[in-house]
Every structure is written in C-alpha cells, then in structure tokens.
Amino acid sequence: MISKEQLEQRYKDVFESKSTHVVRSPGRINIIGEHTDYNEGFVLPTAIDKAIYVAVGKRDDHLIRLYAEDFKSYFEIALDDIKPIAEGWPNYILGVVNQLRERALPLGGFNMYIDGDVPLGAGLSSSAALECAAGFALNVVFDLQLQRVDIAKIGQLAEHTYAGVKCGIMDQFASVMSKAGHVVKLDCRDLSFVYTPLELGDYAILLLNTNVKHSLASSAYNDRRESCEEGVRLVQAKYPEVNSLRDVSVAMLDELVKSVDDDIYTKCRFVVEENQRLNDACAALERGDLEQLGQQLFRAHEGLSKEYGVSCPELDFLVEYVREFPEVLGARMMGGGFGGCTINLVKKSFQDLLIERLTPIYQTKFGLDLTAIKVVPSNGTEILI
C-alpha cells in the first residue's frame, strides 16, 4: 500500500507543483468463469488490495506530462499530437485520453505520476488498473460527468486501440465496479451484474504465480475462439435463434456437434458447463458453503486442463499438489492459460506453511521461483482522501 502523502510528495518532486487528486485503481482476480467472456457468458471477478496509483494535476497549457515510477521513465506529448507510440506504458493513458477526445469531452493538459504494487506479469490486470485509474482521475479533474461503467468501457477501448490487445470487459469492469467483501457476477452479454458476498471466514485467497508464460497463449486463444464460433454455427443450423454458446445446452451439442467434430464438441461443452459451474459457485457462496465452492474450482481446473487445453505442466502441478491438503478447499489456474497464477482457497493458518513446503519443491521440479501473493477482495477505483 502506497500512502496518499507519499504520492503527493513524489508528484511534487517530479513536477514541481501540487497534485489535486490521488486515485487508486486495483488489480483483479476471477474466482471462476474462464473463456466464458467472449462467449457472452458469466464471470465472477473481484478487485484486490494491490493497485495502480496516480497523482494528477491540471496544467495551464495543452501538454500531457507523465512519469512512471516503476520504469523511472518520463514522457511528454501535446494533447493534439497523441497517437500510439513504440514505448509501451504511456499507451494505456494515451489510449484513455484518445477515447475521451473521441467523445468530444473538455480536456486540457495535465501532469500524472504513476506508481503501483500490482505484481506485473502475474495476470492480475495491471494494465486495466492503469487505464481505469487514468480515466477516473481525468473524469474528476476535468469534471467530465462519466459513470463508472463508462470508465470501464473507455479503458477496454483504450487497450484495443492503443495497446493492441482485444481484451474483454471483465478486467476494467472489476477494477472500477468492485465492492470490498463481494464478488461481481457479471453478464458479459449485456453488462448487467449483481454483487454476491464473499465471506471467507477462516479461509483466504492465495495466488501462486508460476512465473512462466508459454508462447502458445495467443495462437491457442484464437483457436479456441474459432472452435466456439464453429460450434455455434453448427447449432444454428437447427436453432437459428442461438447467438452464442450462452444460448446452447449440452443436449444441443450432443445432437448437432458431437458427431461432426469431437474436438469442437469438447471445447464448446467446457464453456457451457463453466457457466453452470459459476452459477453453482454463486449458490454455494450464498449458502456459505465454501467446500462446495472449492470443489467447483477443482472441477474448473480439470476442464481447463483436459477439455479446453489451456493449462501447462507448471499450473497442473500446483493444483495437484495442493489437492492433497484438507486445508485447501479448492484451486485452479486463473486467466487465459499457459502460465500465470493458480488461485487457491486456503485456510488462513495454513498459508505460510503451504508456501514454505511448496516453494523448494517447485524450484527443484521446474527450475523456477514460485511467487506467493496473498490477496484480499477490495473496493474498486476510488479517490484517496
């Protein structure tokens, strides 16, 4: 956690003036619901207590001046000259500015100091947190009257247009809209959502970062999307009202896809069943049944690994290892796949012992460091008072 006072002082050191606002925008986890977003299904994210922070202040000209603490890097551009640039990190902010200008909103020049404690490369959506922090801060500074959902959509479009990543809406939505102690059940078809209490009692959420990212990720992602779309086309031959796998049942897949292409059938069935697992997980949370929630996590990992084919040996090893301990109620890979973190539902008193036991075993087996990240479900984007 970085204090408001620290951020204000660093802003003053860099820009030799006072900031007017400090904004915190968190990273996120997803409890369950992977590869459902682009199939108009459900996801179940929440923000975490790791965030991107920006301190911001208006300028009396049309310059944008940025400083990123993580990279010790300074960037400057005129408001009228913004375009995607080769240097990566400013694009997340410039993309947001571009979206605001596309909407003809009244912007001027500004200074922005950026810092954060979201672990980079762990699949916790530091980029979405940065986009939402920038959008929220500029909304306040220039009194743009944007709603929170607008800020999430602007962040998503900024990533599409300036960072070149065709992401879904979940990351930005979770960063802006989350509420401490709850998960957000988000309908990716129409962006309707409900908050479900996440009362963990003696348990905690522990992330275990494999510190690996296999090169298969982007091509496999595209292949999976194509399989899902082809499955929908096969079902539409008899059921033209179907728009996506959200509208498809396993019975429809059995009838129209299984005999045509077993691989497409298996991938599509995973998505249909993952939506059901998410609904079952929400019902378990409402009952306070953490054991049933954990079982849904284990089953989701099995599907992601064996049916959807997006896991890797490192992720599979971590899930299988923790399965042996009664203090771990559930675990699965989190995110697009082929690396990143597992999410684990672990008894609080067992976390440190689990980390101590597992770290050297993982190092010996894969020659990699294992990074443990303890997270707490937290509020979405907010001004630090």
Side-chain angles (χ1 to χ4, degrees), residues 29-36 44-46 48 122-124 183 198-214 266 269-271 273-285 287-375 377:
I29 54 174
N30 187 29
I31 302 297
I32 196 168
E34 298 296 356
H35 296 275
T36 49
L44 197 67
T46 183
I48 57 173
L124 302 180
V183 288
L198 183 63
E199 294 169 356
L200 297 176
D202 293 336
Y203 289 84
I205 294 170
L206 176 67
L207 308 180
L208 296 172
N209 188 3
T210 60
N211 287 308
V212 69
K213 190 69 179 174
H214 291 289
T266 301
R269 191 188 64 197
F270 165 80
V271 173
E273 292 179 344
E274 182 78 346
N275 277 316
Q276 185 57 51
R277 278 190 286 273
L278 186 144
N279 287 323
D280 291 344
C282 287
L285 280 173
R287 295 193 307 271
D289 188 347
L290 293 181
E291 288 192 10
Q292 182 56 37
L293 172 64
Q295 287 306 306
Q296 297 300 334
L297 297 186
F298 278 134
R299 177 65 191 93
H301 183 80
E302 191 177 321
L304 286 158
S305 178
K306 295 184 171 60
E307 296 159 17
Y308 214 62
V310 291
S311 188
C312 63
E314 296 88 349
L315 289 166
D316 288 343
F317 171 78
L318 291 178
V319 171
E320 288 309 307
Y321 183 87
V322 302
R323 193 189 283 271
E324 302 305 313
F325 298 100
E327 298 90 347
V328 181
L329 296 184
R332 69 173 187 87
M333 57 154 278
M334 186 179 74
F338 304 104
C341 292
T342 61
I343 179 170
N344 303 264
L345 189 55
V346 186
K347 200 153 203 176
K348 288 176 184 173
S349 58
F350 186 64
Q351 286 186 98
D352 291 337
L353 183 56
L354 176 63
I355 295 163
E356 185 183 316
R357 286 183 181 180
L358 182 49
T359 301
I361 295 170
Y362 183 80
Q363 167 70 47
T364 300
K365 186 168 180 64
F366 295 106
L368 292 165
D369 292 329
L370 182 69
T371 307
I373 307 166
K374 297 176 182 178
V375 296

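The basis for the numbers below is simple: all heavy atoms, side chains too, and nothing from hydrogens, waters or symmetry mates.
- Under the 4.5 Å side-chain criterion, counting only non-hydrogen atoms from C-beta, Met333 is not in contact with Ser305.
- You'll find the side chain of Leu345 stays beyond 4.5 Å of the side chain of Phe298, heavy atoms only.
- In the model, Thr36 has no side-chain atom that pairs as donor or acceptor with a side-chain atom of Asn275 under 3.5 Å.
- Every pair passing side-chain hydrogen bond (donor to acceptor under 3.5 Å, both in side chains) that includes a residue from residues 326-346 is listed here, sequence neighbours excluded: Glu34-Arg332, Thr342-Asn344.
- For Glu314, the side chain to side chain donor-acceptor pair (under 3.5 Å) partners at least two apart in sequence or on another chain are His214.
- Two residues are said to be in side-chain contact when any heavy atoms from C-beta on lie closer than 4.5 Å; Leu285 and Cys282 fail this criterion.
- When all heavy atoms are compared, the tightest approach of Gly340 to Thr210 is O-OG1, 2.7 Å.
- The closest side-chain heavy-atom distance from Val328 to Leu206 is not below 4.5 Å.
- Legend: side-chain hydrogen bond (donor to acceptor under 3.5 Å, both in side chains) pairs involving residues 345-359, not counting sequence neighbours, sorted by first then second residue: Asp352-Lys374.
- Taking 4.5 Å as the limit, every side-chain heavy atom of Phe350 sits out of range of all side-chain heavy atoms of Asp202.
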Taking distance alone, no hydrogens or angles, what donor-acceptor pairs closer than 3.5 Å link side-chain atoms of residues 364-373 to residues at least two apart or in another chain?
{"unit_1": "Thr364", "atom_1": "OG1", "unit_2": "Pro360", "atom_2": "O", "d": "2.9"}
{"unit_1": "Thr371", "atom_1": "OG1", "unit_2": "Asn211", "atom_2": "ND2", "d": "2.8"}

Full working for side chain to side chain contact (heavy atoms under 4.5 Å, CB included) between Ile205 and Leu198: CA-CA 11 Å; Ile205 294 170; Leu198 183 63; 4.0 Å; yes
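- For Glu291, the side chain to side chain contact (heavy atoms under 4.5 Å, CB included) partners at least two apart in sequence or on another chain are Asp289, Leu329.
- Partners of Glu307 under the side chain to side chain contact (heavy atoms under 4.5 Å, CB included) rule, at least two apart in sequence or in another chain, are Thr266, Arg269, Phe270, Glu273, Arg299.
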